Amino acid sequence: IAEKAGISTAAVSMILSNSSTHKFSKETIDNVMAIASEYEYKTPRASRGKKKILIVCPFLINPYYAILVQAIEQKAFEAGCLTSVFTTYWRPEREKDIFDLVKQNCYDGIIFTMIPTQSEYAIEIAKTTPIVIIGDRKYDMNLDAVDVDNGYAGRMVAEHLISLGHKNIAYISTEMNSNHSARILRFQGLKEEYERACHDGSVFVYTKETSAEEHKGITDIEYQLGLGMTKKCLEEHPEVTAIVGMNDMISFGIVDALM
């Protein structure tokens with residue numbers, strides 16, 4: 001095709017995979033497509049048959065991600081699609097590996113079960129490969145998302161605890177930074193509702209940074225953090241009568257510490 005079109009094989013590859021087509025004139029693109037049709041050539045992606053979906057999650061030890069991935073795979077199976085699961089352990093360089101795979105036409109779509117830490121790669125890949133994100137939507141990314149309103153969830157938790165008479169509570173979480181907006185938004189919703197409806201109450205925060213190596217090497221890292229931070233909280237603030245866990249695994253640790 002490249003020989004007949006009078007351009008490089010790299011240019012043909014980009015045109016047929018619909019990648020960086022802004023670099024070529026309409027005439028060149030139309031010519032390549034016509035020659036490809038003449039030879040009945042199909043790209044590797046088009047000739048594979050079943051569509052292949054990449055499911056991205058931080059890790060599978062957390063029941064939330066395990067259940068979410070299972071549900072996605074079940075729906076994909078019903079639709080006749082193949083799936084692969086890729087774990088990042090919150091490592092930014094692992095996300096770059098994902099986008100390199102997609103550039104090779106290995107996948108027809110990506111589902112992120114969390115917000116990508118490398119948004120610039122996601123935005124670039126979304127130009128040619130559909131991406132859907134499950135989590136707090138970052139509207140500046142302009143990517144399709146199943147939005148989870150974690151701020152509202154935090155307010156609901158606060159309303160419930162206040163109705164039960166809890167004035168002094170604690171919020172226990174793994175690291176809270178820009179890469180983990182859900183944790184921050186849950187806390188903000190919790191704190192804002194306490195400031196609004198329980199003026200004489202207090203919300204104490206216990207959080208600890210964890211590395212990608214810890215997440216990969218210690219399977220129950222979140223449970224251990226919940227356990228340890230709860231013990232510390234009880235020592236420092238015996239007035240606390242309720243504790244909010246950021247997720248299930250941390251909450252299991254909280255329960256065991258209380259027991």
Side-chain angles (χ1 to χ4, degrees), residues 1-58 68-69 71-88 90-148 178-179 181:
I1 296 171
E3 183 178 359
K4 190 167 184 177
I7 59 177
S8 69
T9 54
V12 170
S13 178
M14 284 189 282
I15 291 172
L16 292 178
S17 63
N18 195 31
S19 174
S20 302
T21 51
H22 63 278
K23 297 179 179 179
F24 309 103
S25 67
K26 183 179 183 304
E27 290 75 15
T28 299
I29 294 172
D30 289 345
N31 188 36
V32 168
M33 299 304 289
I35 297 170
S37 178
E38 177 185 338
Y39 287 119
E40 297 184 349
Y41 175 80
K42 293 183 178 180
T43 63
R45 175 182 295 182
S47 62
R48 272 203 318 266
K50 289 186 176 182
K51 289 187 176 181
K52 193 171 183 180
I53 308 300
L54 183 65
I55 306 170
V56 183
C57 66
L68 193 57
V69 168
I72 294 169
E73 286 194 320
Q74 287 174 339
K75 185 57 64 174
F77 177 78
E78 292 174 9
C81 298
L82 300 174
T83 58
S84 297
V85 179
F86 190 99
T87 52
T88 67
W90 294 116
R91 291 186 176 191
E93 64 272 20
R94 290 277 288 174
E95 288 188 15
K96 187 177 184 300
D97 291 339
I98 295 168
F99 302 124
D100 288 340
L101 281 174
V102 175
K103 284 181 178 179
Q104 298 170 25
N105 291 325
C106 294
Y107 294 96
D108 300 285
I110 311 175
I111 299 175
F112 279 87
T113 61
M114 76 294 190
I115 301 295
T117 61
Q118 301 293 293
S119 59
E120 65 274 18
Y121 291 123
I123 292 169
E124 181 62 28
I125 290 298
K127 295 176 181 178
T128 57
T129 304
I131 293 179
V132 176
I133 296 168
I134 302 173
D136 293 294
R137 187 173 187 177
K138 291 189 176 180
Y139 292 93
D140 58 335
M141 291 175 66
N142 196 31
L143 298 175
D144 292 324
V146 178
D147 203 3
V148 180
S178 59
N179 290 332
S181 57

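In this text, all values refer to a predicted model and were calculated from it rather than measured experimentally.
Just one residue in the list Ile133, Ile131, Ile110 forms a side chain to side chain contact (heavy atoms under 4.5 Å, CB included) with Pro116, and that residue is Ile133.
Met33 contributes atom CE, which lies 11.0 Å from atom OH of Tyr41 (distance to the nearest 0.5 angstrom). Put simply, CD on Glu95 and CD1 on Ile125 are 12.0 Å apart, with the number rounded to the nearest 0.5 Å. Atom CD1 in Ile7 sits 6.5 Å away from atom CZ in Phe24 (nearest 0.5 Å). In this structure, CD on Glu124 lies 12.0 Å from OG on Ser119, to the nearest 0.5 angstrom.
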For side-chain contact (heavy atoms from CB on, under 4.5 Å), just list the numbers for Phe112 and Leu143, CA-CA rounded to whole Å, side-chain angles, deciding distance to a tenth of an Å, and then say yes or no.
CA-CA 11 Å; Phe112 279 87; Leu143 298 175; over 6 Å; no
For side-chain contact (heavy atoms from CB on, under 4.5 Å), just list the numbers for Thr88 and Cys57, CA-CA rounded to whole Å, side-chain angles, deciding distance to a tenth of an Å, and then say yes or no.
CA-CA 6 Å; Thr88 67; Cys57 66; over 6 Å; no
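Using a distance-only test at 3.5 Å, with no hydrogens or angles considered, no donor-acceptor pair links the side chain of Asp108 to the main chain of Ile53.
Shortest non-hydrogen contact noted between Gly135 and Asp147 is O-OD1, 3.3 Å. Nearest heavy-atom pair across Met114 and Pro58 is SD-CD, 3.9 Å. What you find for Leu16 and Ala36 is that their closest heavy atoms are CD2-CB, 3.9 Å. Ser84 approaches Lys52 most closely through the heavy-atom pair OG-CE, 3.3 Å.
For the pair Asp144 and Pro130, the minimum side-chain heavy-atom distance is 4.5 Å or more. Taking the side chain as every heavy atom from C-beta outward, Phe86 and Asp97 approach each other to under 4.5 Å.
For Glu3, there are no salt bridge (Lys or Arg N to Asp or Glu O under 4.0 Å) partners two or more places apart in sequence or in a different chain. Judged as a side-chain contact (heavy atoms from CB on, under 4.5 Å), and not counting sequence neighbours, the contacts of Thr9 are Ala2. In this view, Ile72 and Ile55, Leu68, Ile111, Thr113, Ile134 satisfy the side-chain contact (heavy atoms from CB on, under 4.5 Å) rule, not counting sequence neighbours. For the side-chain hydrogen bond (donor to acceptor under 3.5 Å, both in side chains) test, residues two or more places apart in sequence or in another chain that qualify with Asp30 are Lys26. Taking the side-chain hydrogen bond (donor to acceptor under 3.5 Å, both in side chains) definition, one finds that Glu38 meets it with Lys4, sequence neighbours left out. Scored by the side-chain contact (heavy atoms from CB on, under 4.5 Å) test, Ser37 finds no partners at all (sequence neighbours excluded).
For the residue pair Thr83 / Glu73, a side-chain donor-acceptor distance below 3.5 Å is found, with atom types taken as modelled.
Taking a cutoff of 4.0 Å between a charged side-chain nitrogen and a carboxylate oxygen, Glu93 and Lys96 do not qualify as a salt bridge.
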